[in-house]
Amino acid sequence: MGCASAKPGGAGPAKPTQGSEGGKAGKPGELRLLEEYSVGQTLGEGAFGVVSNCKHRTTGVEYAVKMVDKVETPVDQIKKEAAMLESLNHQNIVKVHGVYYERCFVCIVMDKYSGGDLVEGLQKHLKERGQINCHHVVHVSRQMGASVQYLHSKLTVHRDSSEGDNYLMDRRDMTDPDCKVVLTDFGTACNVTADERLSAAVGTKIFWAPEFFDKNYGMKVDVWAMGVIMYGLVSGRFPFRDEADIRAKELKIPKRVHQLCEDFIKKILEKKEAARLSADQVMAHGWVDPGNGKRSSSSRAAVDAGDDEGPTQDMRVEDANDGIKERRQELINRLNKEHDILGGKKGTSSQGREKQSSHAEGSKFTLKDKANNRMVYEWFDKARQKASNVSDTEGKAPSESLLKESGTDHKMFSQMLEDHNIKTSAFGTGKAKTLPELVAEVDGGAARLMLDATEHKKLVRVCDLVVLILKDASGERILIETEEQFEDGRKRVTNRLPGTKKEPYENTRQVSERILKEFLKLDPKGITLDLNRIERVEEEIESISYPGVTSVYRKELVEGVFSMTDAAALATVGLPSFGSWDATDAKGNTKIFNWMTSKQCEEKQIKLQPKTQEVSTLVRAPIGLNEEALRRHLTNCGVDVSKFGGPDTKTLKEFSAELIKGESTLTEDSSGNVLRVVDIVVLLISRKEGSELLVQTEQISAAGTRTTLNRLPGAKRRPDENQFLSARRIIKRQLEIDENMVFLDRSVQSIEEVKHAPAYPGLKTVYRKRLVSGALQMR
């Protein structure tokens, strides 16, 4: 993973005390990353994390920070990499200045290099100046060899130095004789004894030496790695395509390459490990040894002779898919938000509410999307709706589903669980629920599967709750449910705040009012709820229903004050004497309530106020298929994958990215044929008793181009997301309207249409629209 970095500048900061290794972000008194540094733009991204620009807050010196993702890499492994980097000291190995343990990342601050990585340098040269003269990268060869020689002298093997984007440059032009090159990214490195043999399958296969495939290798795999890079620099392409090539293909060096360079490359890409050069022999070879005398640049052929191997290729290997990149960026944004909260910068919430209210009250508003386009929304009256034909889907008969929902969804969820070390074989045994029951929970919105980004591949079941903190008018006492008596006479002590699960179609306001009406038998008009200041906490327990699955209860704590003044009404809730009272719910269960002081609640261990809640670390779970898995799946389903990647078709890589982002999914019809499904949630949000409808009228590009749309707001639904949760996501993130202002209708209209999409050869596409209606109600 390259850091696109800059040359080291100035004295480094004092090294921080390392924080905790688990989910919490360091110990009391320890510095956090953002306390010492401001983090800027992303410089590079790979399989294990993201590298960003950072500036020391005191000295102003710029560095690079590698933020290693705890989801993809266990903390112990990250800690090992950090310790190894801190122990190394060589001019061709990146220097580390500090390690910080945040909740979702381990952050390694190191020198920044402005030239990017070798792959970027190669692609730039090929595009602007053509093939590289091998004489112009002798200094690059020498520095790569020096880094490997130093590591091997320390009995350390890198095992991933084969990727050219792990070598960074201090300037954009690698052919500059003064260009400095350093090795970075030690996530796969390990210490060995002198003749130790290794077996772990790490790194990228296209860069493996032959003995890597036998799972019996030593330090010379790093030398082979250097050979792969050298071949790429002088030819602009990979020397081998796959294991068969690596084991058997005879290496052909372009004729323009100097004989001494050819000899060097062939000897470090020697298939027989014993005959391959060692790191010491690499540095003694005539090609990199400064004392080898002058080299003739025309001993074989003209330097600019054609390439025997045909056109060049992109030598970069993408390690992080689009889903991982989105997740990391979200977590980095939350890290910045958490820093602002802890630093006391909380003054934006009221401004946000004013903005949301203006969207709801005004006739028109404009928002920017991720691509910096301006999206214009307007409230259309009935006449404008009819004139623009904007709501032409409303009132159509629901379509009969063309999809075979069962089976495929279960396979997707089963695979998701297995990928996160959850054995579904334990489901459905004893008191445990079955996998179909979990699928039904997620599909119905009662729960969702998410990642806890503080740990390696930790998938959790998330349920949303709303809890009320109800106080008397003076604020001295709090209403506590102390006991519950069931219809059959059984009793239990509860000692808890009144609350219940949040249904997917409900907003927090609706749930709060439902608790008051159904559980406390109170008129919501007699209680003033503070919906502008909702505290959020997450509580984790091991699930009994689903073995191996941790359940996280996300609680929204809403404060309310009894504002009723009628004496008779107050008496029914034990006021002003603070007496006990009860209420019987629809199931015939009676709940007993008492008024308690904060001290009494503390004595009974009733949690009233959460501890300072750090920003949530729950993120979307991975979904979809990577490129190779997609290729296998389509082939098994009889789809000719060779037709992808043509002039008018998607590449498998693009199709995979679409699936991973949840923009489409693959399923089967009743005959077992594979289908591509695009599932769209469309919102019909009305106000003023249905007389006006929210419409997206136009899009204005960053360049100023205007496109008339006149369509209902909507977005694609992920296959693991309930339709109402998709609707709420659109309301909150896309429209930036307070979700407590929108009351969704529980009935949803579904319309399906089958089309042949030329970009996806051999596949039929089902476009499903889910029409979700909602009414805007001002508080």
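FYI, the numbering just counts along the sequence from 1.
For the pair Lys755 and Tyr767, the cation sits on the ring face: its NZ or CZ lies under 6.0 Å from the ring centre, inside 45° of the axis.
Ion pairing between Lys325 and Glu330 fails under the 4.0 Å rule for side-chain N and carboxylate O. Salt bridge Arg718/Glu663: absent, no basic N to carboxylate O contact under 4.0 Å. Between Arg631 and Glu627 there is a salt bridge, since a side-chain N of the basic residue sits under 4.0 Å from a carboxylate O of the acidic one. Note on Asp648 versus Lys643: no salt bridge recorded, every NZ/NE/NH1/NH2 to OD/OE distance being 4.0 Å or above. Between Arg384 and Glu378 there is a salt bridge, since a side-chain N of the basic residue sits under 4.0 Å from a carboxylate O of the acidic one. A salt bridge is absent between Glu721 and Lys716; no separation between the charged side-chain nitrogens and carboxylate oxygens falls under 4.0 Å. One finds no salt bridge joining Glu736 and Lys368 here, because no Lys/Arg side-chain nitrogen approaches an Asp/Glu carboxylate oxygen to under 4.0 Å.
The structure places OG1 of Thr667 at 7.0 Å from CG of Leu675, a figure rounded to the nearest 0.5 Å. For the atom pair CD (Glu739) and CD1 (Ile730), the distance works out to 13.0 Å, reported to the nearest 0.5 Å. Distance check, rounded to the nearest 0.5 Å: CD1 of Ile623 to CD of Gln415 gives 12.0 Å. Between the CZ atom of Arg717 and the CG atom of Asn722 there is a distance of 7.0 Å, given to the nearest 0.5 Å. Atoms CG and CG, from Leu331 and Asp69 in turn, are 7.0 Å apart once rounded to the nearest 0.5 Å. For the atom pair His359 NE2 and Leu776 CG, the distance stands at 12.0 Å (nearest 0.5 Å).
Side chain of Lys249 to main chain of Pro239: a donor-acceptor pair is present (N/O by atom type, distance under 3.5 Å, no hydrogens or angles). Checked by atom type and distance alone, the side chain of Arg728 pairs as donor or acceptor with a backbone atom of Tyr505 at under 3.5 Å. The backbone N or O of Ser388 lies less than 3.5 Å from no partner atom in the side chain of Asn710, so there is not a single donor-acceptor pair. Put simply, the side chain of Arg328 never gets that close to the backbone of Ile332: no donor and acceptor are under 3.5 Å apart. In this structure, the side chain of His756 does not engage the main chain of Thr765 through any donor-acceptor pair within 3.5 Å. Put simply, the side chain of Thr500 never gets that close to the backbone of Val511: no donor and acceptor are under 3.5 Å apart. Side-chain atoms of Thr550 do not come within 3.5 Å of backbone N or O of Glu542 as any donor-acceptor pair. His456 places a side-chain N or O within donor-acceptor distance of the main-chain N or O of Val71, the cut-off being under 3.5 Å. Judged by distance alone, the side chain of Asn507 and the main-chain N or O of Val742 form a donor-acceptor pair under 3.5 Å. With Asn673 contributing its side chain and Asp669 its backbone, the two residues share no donor-acceptor pair below 3.5 Å.
Remark: Lys764 NZ is loosely packed, at most 12 non-hydrogen atoms of other residues, nucleotides or ligands lying under 6.0 Å away.
Donor-acceptor pairing under 3.5 Å is recorded for the side chains of Thr508 and Glu556. One side chain, Asp452 or Thr617, offers a donor N or O that lies under 3.5 Å from an acceptor on the other. A donor-acceptor contact under 3.5 angstrom links the side chains of Arg461 and Ser551, judged on distance only. Lys70 and Thr454 share no donor-acceptor pair across their side chains, judged by distance under 3.5 Å alone. Donor-acceptor pairing under 3.5 Å is recorded for the side chains of Tyr546 and Glu441.
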Is there a side-chain hydrogen bond (donor to acceptor under 3.5 Å, both in side chains) between Glu538 and Ser616 once you walk through the steps? CA-CA 8 Å; Glu538 294 171 1; Ser616 176; 2.6 Å; yes

Go through Gln723 and Ser726 one step at a time and tell me if the side-chain hydrogen bond (donor to acceptor under 3.5 Å, both in side chains) criterion holds. CA-CA 5 Å; Gln723 57 197 1; Ser726 300; over 6 Å; no

Is there a side chain to side chain contact (heavy atoms under 4.5 Å, CB included) between Thr651 and Phe644? Walk through the geometry before answering. CA-CA 5 Å; Thr651 64; Phe644 283 84; 5.9 Å; no

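A perpendicular orientation is assigned to the rings of Phe655 and Tyr760, their planes being inclined by more than 60° (bins at 30° and 60°).
Among Leu709, Val390, Leu684, the one residue that satisfies the side-chain contact (heavy atoms from CB on, under 4.5 Å) test with Val695 is Val390. A side-chain contact (heavy atoms from CB on, under 4.5 Å) with Ser664 is found for exactly one of Asp679, Val766, Leu659, namely Leu659.
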